[in-house]
Number of protein chains: 2
Amino acid sequence: MATQSTEEYLEAIYKLGGEREPLAISVLAERLSVSSPSVSEMARKLAEQGLASYEPYKGVTLTAEGQARALAVIRRHRLWERFLTDTLGFSWDQVHDEACRLEHVTSPLVEERLAEFLETPQTCPHGHPMPTAQGKVTVEAARPLSALEPGQRGVVLWVPEEKVEMLQYLTALGLKPQATVQVEAVAPFQGPLTVRIGEAWHPLGWEVASQIMVRLL
Amino acid sequence: MATQSTEEYLEAIYKLGGEREPLAISVLAERLSVSSPSVSEMARKLAEQGLASYEPYKGVTLTAEGQARALAVIRRHRLWERFLTDTLGFSWDQVHDEACRLEHVTSPLVEERLAEFLETPQTCPHGHPMPTAQGKVTVEAARPLSALEPGQRGVVLWVPEEKVEMLQYLTALGLKPQATVQVEAVAPFQGPLTVRIGEAWHPLGWEVASQIMVRLL
DNA sequence: TTTTTATATTAGGCATACCTATTTTAACGA
DNA sequence: TCGTTAAAATAGGTATGCCTAATATAAAAA
Ligand SMILES: [Mn+2]
Ligand SMILES: [Mn+2]
Ligand SMILES: [Mn+2]
Ligand SMILES: [Mn+2]
C-alpha cells in the first residue's frame with residue numbers, strides 16, 4: 001500500500017499539473033514544504049513503484065496508475081470535506097486539514113458508503129469536482145474572475161480550498177460556488193476589480209479575483 | 001503530539017489492565033504483534049514522555065496523563081465504530097479495523113461534533129462503554145456468561161470487539177448487547193454451556209461464553 | 001543453594017522520510 | 001564559446017519504529 005507520505009506527493013503532483021507534463025522538483029518542494037532533496041528522493045521512489053516517471057533534471061510526471069491513485073485520494077478528501085460541512089456542520093475554512101488526514105485512512109468500502117450517505121455529491125464544499133469511484137473527473141471549462149470584462153457576469157465554480165483566511169473573507173463577501181457575480185470595473189495594471197455580488201458592490205484585489213474560477217454567463 | 005504508534009501502545013496498555021498494575025512486556029508484544037525488544041524500547045520512550053512508568057523486568061503502567069490519552073483514543077475509536085454501524089450501515093464485525101485507523105486522525109473538534117451528531121452514544125456497537133470527553137469511563141459490574149449457574153439469566157453487556165469470525169458467529173446466535181440469555185446447563189471441566197437466547201437453545205463453547213460479559217438478572 | 005528456564009534487555013540493523021552541506025548539471029548571457 | 005547562475009542531484013546524517021541475535025536477569029525447580 002502507498003504510505004501517507006506517498007499519497008500526499010501523488011495528490012500534490014496531480015494538482016500541480018504533473019498528470020500532464022513534467023513537474024519541477026522545486027515546485028513540488030514548495031507546495032509540500034519539504035526540501036528539494038526530499039522531493040528528488042521521493043520522485044525516484046515513485047518511479048520505482050511505477051506511479052510516476054522521473055527524469056533527473058527534467059521533472060516528475062504521473063503514470064496512469066499514479067493518476068488513478070491520486071484521484072482516489074482526492075475523491076476521499078472531497079467526500080470527507082462534504083461530510084464535515086454537510087453532516088457535522090463545520091465551516092468550509094475548517095475542513096481541509098481534517099480531510100487531509102482522513103483521506104489516508106479510508107478504505108474503498110468506507111469511501112463507497114460515505115458517498116452513498118452523502119447522496120453522491122458532485123463537488124466538494126469549495127466547488128471542486130468529485131472524481132468518480134472509477135477514477136474519472138470532469139473539470140468544467142472555467143476562467144478566473146479577473147479575466148472578465150466590465151459588465152460580464154459569471155457563476156462561481158470553485159475557489160482555493162487551503163487558504164483559511166481567504167475562505168473566511170470570501171464567506172463575508174458571499175463569494176461561494178453557485179453565486180452570481182458581475183464585474184463592474186477593472187483597474188489597470190492588475191489592479192482591483194469592482195464586483196457586484198447579489199445586491200452589494202465590493203472592491204476585490206486582482207490577486208484574489210484571479211483565484212476565483214467562474215463560468216461566464 | 002503522540003504518534004499513531006504511541007497511541008496504539010497507550011490503548012493496548014489500558015485495555016490490558018496496565019492502567020492499574022504493571023503490565024508485562026510480553027503480553028503487550030503479543031497483543032500488538034510486535035517483538036518484545038520493540039515493546040521494551042517503546043516502554044522506555046513512554047516513560048520519558050511522562051505517559052507511563054516503566055521499571056525494567058517489572059513492567060509498564062500508565063500515568064494519569066497516559067490514562068487520559070488512552071481514554072481519548074478509545075473514545076474516538078468507539079465513536080467512529082458507532083458512526084460506521086449506525087450511519088454508514090456497516091456490520092459490527094467490519095468496524096474495528098476502520099476505527100483503529102480513524103481514531104488517530106481525529107481532532108478534538110471532530111470528536112465533539114461526531115458525538116453530537118450521534119446523539120452522545122453511551123456504548124460502542126459491541127457494548128463497551130464510551131469514555132466521556134473529560135476522560136472518565138464508567139464500567140458496569142459484569143461477569144462472564146460462563147460464570148452463570150444453570151437456571152440463571154443475564155443481559156449481555158459487551159462482547160469482544162476485534163474477533164471478526166466470533167462476531168459473525170454471535171450475530172447468528174443473536175448474542176448482542178441488551179439480549180437476554182439464560183443458562184440451561186453447563187458441562188463440567190470448562191465444557192460447553194447450553195443457553196437459551198430468545199426462544200432458541202444453543203450449545204456454546206466455554207471459551208466463547210467466557211468472553212461474553214453479562215449483568216445477572 | 002545451585003541450576004534451569006522463561007522473560008526481558010541490549011546490541012546492532014533496516015526502511016521510511018525527513019534534513020543540511022556539497023557537488024553536479026543545464027541553461028543563459030556575455 | 002565560455003563563464004555564471006539557478007536548479008537539482010548526491011553525500012551524509014537524524015528520528016521513528018520496527019526487526020533478529022546475543023546477553024542478562026529473575027523466578028522456579030532440583
Ligand atoms: Mn493528506
Ligand atoms: Mn475542497
Ligand atoms: Mn489504531
Ligand atoms: Mn467496539
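Residue numbering restarts at 1 for every chain, and letters A, B, ... go by the order of the sequence lines.
- The ring of A/H77 has its center closer than 6.0 angstrom to the ring center of A/H96.
- Side chains of B/I74 and B/V137 form no contact here, defined as non-hydrogen atoms less than 4.5 Å apart.
- Taking atom CD on B/Q4 and atom C1' on C/dT16, their separation rounds to 14 Å, with Å as the unit.
- In this structure, the CZ atom of A/R44 is 14 Å from the P atom of C/dC18, given to the nearest Å.
- Atoms CD (B/E41) and P (D/dT16) sit 10 Å apart, rounded to a whole Å.
- Of all non-hydrogen atoms in A/R82 and A/T123, the two that sit nearest each other are NH1-O, 2.8 Å.
- Proximity of a side-chain donor or acceptor of B/Q211 to a complementary backbone N or O of B/E207 within less than 3.5 Å is detected.
- Closest to the B/Y9 side chain, of the nucleotides D/dC18, C/dT20, C/dA11, is D/dC18.
- The side chain of A/S5 places no N or O atom within less than 4.0 Å of a non-bridging phosphate oxygen (OP1 or OP2) of C/dT16.
- The interatomic distance linking B/M42 (CE) with D/dT16 (P) rounds to 10 Å, in whole Å.
- Checking the phosphate oxygens (OP1, OP2) of D/dA8, a side-chain nitrogen or oxygen of A/S26 falls inside 4.0 Å.
- To the nearest angstrom, P of C/dA8 lies 9 Å from OH of B/Y54.
- Among the nucleotides C/dC18, D/dA21, C/dT25, the one closest to any side-chain atom of A/Y57 is C/dT25.
- Residue A/S40 places its side chain closer to D/dA9 than to any other of C/dA17, D/dA7, D/dA9.
- Summarising the geometry, the separation between CD on A/E48 and C1' on C/dT16 is reported as 13 Å, rounded to the nearest angstrom.
- Note on B/S36: every side-chain N or O is 4.0 Å or more away from OP1 and OP2 of C/dA8.
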Fill in: Derivation of the ring-ring contact (aromatic ring centres under 6.0 Å, His included) call for A/F83 and B/F83
CA-CA 12 Å; A/F83 170 74; B/F83 170 74; 4.9 Å; yes

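- The nearest whole Å value for the distance from the CG atom in B/L28 to the C1' atom in C/dT7 is 14 Å.
- At the heavy-atom level, B/P56 lies under 4.0 Å from the strands shown only through sugar-phosphate atoms.
- The side chain of B/A24 has C/dA8 as its nearest neighbour among C/dA8, C/dT9, D/dA7.
- The distance from atom CD of A/E30 to atom C1' of D/dA6 is 15 Å, rounded to the nearest whole Å.
- Relative to the side chain of B/K45, the nucleotides C/dA17, D/dG17, C/dC19 differ in distance, and D/dG17 lies closest.
- Nearest-nucleotide mapping onto DNA chain C: of A/K58 and A/T6, the residue sitting toward the 5' end is A/T6.
- At the heavy-atom level, B/S38 lies under 4.0 Å from base atoms of the strands shown.
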